[in-house]
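Throughout, residue positions are numbered sequentially from 1 according to the sequence presented. Ligands are counted one by one from 1 in listed order, and the atoms in each one are counted from 1 as well.
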Amino acid sequence: MLNIPTVTLNDGQWFPELGLGTYKLTGDDGIAAMVAATEAGYRLLDTAVNYGNEREVGEAVRRSGLDRNELLVTSKVPGRHHGRQESVRSIEESLATLGLDRIDLQLIHWPNPSVGKWLETWEGLIEAREKGLVRSIGVSNFTPEMLTRLIDETGVTPAVNQVELHPYFPQGELRAFHAEHGIRTESWSPLARRSELLTEDVIGEIAAAHDVTPTRVVLRWHVELDATPIPKSADPERQRENADVFDFALTPAEIDAISALERGRLWDGDPNHHEEM
Ligand code: NAP
């Protein structure tokens, strides 16, 4: 079994350097895939109300046979549940669907500027933490300007910001802001949903130099950037490959060469405009 290292978040809680994305892992096959990941050594399952699989995630936690304190579950408040009381209610509904008595990391899924309530929603997450419904709180898809406002107006810094991050969109400026404020960067679509990333020449050359696969090079690049990637795979073999990135290191020149693939967001996900209810 792989031993995935952990870091300590700004609230003192532990957090793995790599986790499992669960978007599209549904039904019995989804549960089996998640249990296989826990058997391989994964200790973080990333879900959201909008993935429609919180029931399956809760079931995977129970079937994993792991002590509840050894496996972290992340969920996310959707745009349609924004607001202080609404977000607390949303979290209570997530807990009921998961069949768990605590969410380990609760995020706001998107800021949804048209709703105009991400600040109240953050206050709801703070309240949920005070009530013991969730352990750590953070956000997803927030910009430095939004993070600054959250911190200034509530005095509570998010533990994590989960954002689109892959070699085509390395998010240098945002990561520097996170480092300055002690916010852990978490990378969604860390493999750029596979796309043509894994066949890029530079990735292939670095993979050959280390005798590893292109996927492992990309996921090691995230680790080198101090970001926690959450690759999704339904396949136990690919899950193991993806998590097997802690026994080699990239040189600074290799890290820079991979980051030079930058070309911007791959999807229409600018948090200042993107709406997801
Ligand atoms: P991803 O993890 O970058 O890529 C997943 C795709 O890559 C799947 O098609 C998977 O297929 C394939 N894959 C995985 N490992 C592979 C390997 N070793 N070799 C070849 N192909 C491989 O993309 P993602 O699912 O969009 O992102 C990951 C997670 O981030 C999601 O599941 C979700 O939890 C989270 N997310 C969050 C947000 C947000 O707004 N906060 C947005 C998007 C995603 P197989 O399953 O067949 O292996």
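E54 CD to T26 OG1: the interatomic distance, rounded to the nearest 0.5 Å, is 13.5 Å.
In terms of polar-atom proximity, P231 is not counted as a contact of ligand 1, lacking any N or O under 3.5 Å from an N or O of the ligand. On a distance-only criterion, L198 and ligand 1 share no N/O pair closer than 3.5 Å.
With hydrogens left out, the protein atom closest to atom 8 (C) of ligand 1 is K232 O, 4.0 Å, a heavy atom. At the top of the distance list for atom 16 (C) of ligand 1, counting protein heavy atoms only, stands R238 CD, 3.6 Å.
The one candidate from R80, H81, K76 that meets the side chain to side chain donor-acceptor pair (under 3.5 Å) condition with S90 is H81.
A cation-pi contact, defined as under 6.0 Å to the ring centre and within 45° of the axis, links R193 to W267.
Remark: among candidates G21, S140, S189, A234, the nearest residue to atom 1 (P) of ligand 1 is S189, based on non-hydrogen atoms. Around atom 15 (N) of ligand 1, the closest heavy atom drawn from T215, N242, D244, T213 belongs to N242. The heavy atom nearest to atom 41 (N) of ligand 1, considering only E276, K24, Q162, is found in Q162. With Y51, W267, W110 as candidates, the residue nearest to atom 37 (C) of ligand 1 on a non-hydrogen basis is Y51. One option in P271, A33, S233 has a heavy atom closer to atom 48 (O) of ligand 1 than any other, and that option is S233. Closest heavy-atom approach to atom 40 (O) of ligand 1 within the set L197, N141, L45: this belongs to N141.
Side-chain atoms of E224 come within 3.5 Å of backbone N or O of L250 as a donor-acceptor pair. Between the R102 side chain and the R135 main chain, no donor and acceptor come within less than 3.5 Å of each other.
Salt-bridge check for E59 with R62: passed, with a basic side-chain N closer than 4.0 Å to an acidic carboxylate O. For D211 and R216, the salt-bridge test fails: no basic side-chain N is under 4.0 Å from an acidic carboxylate O.
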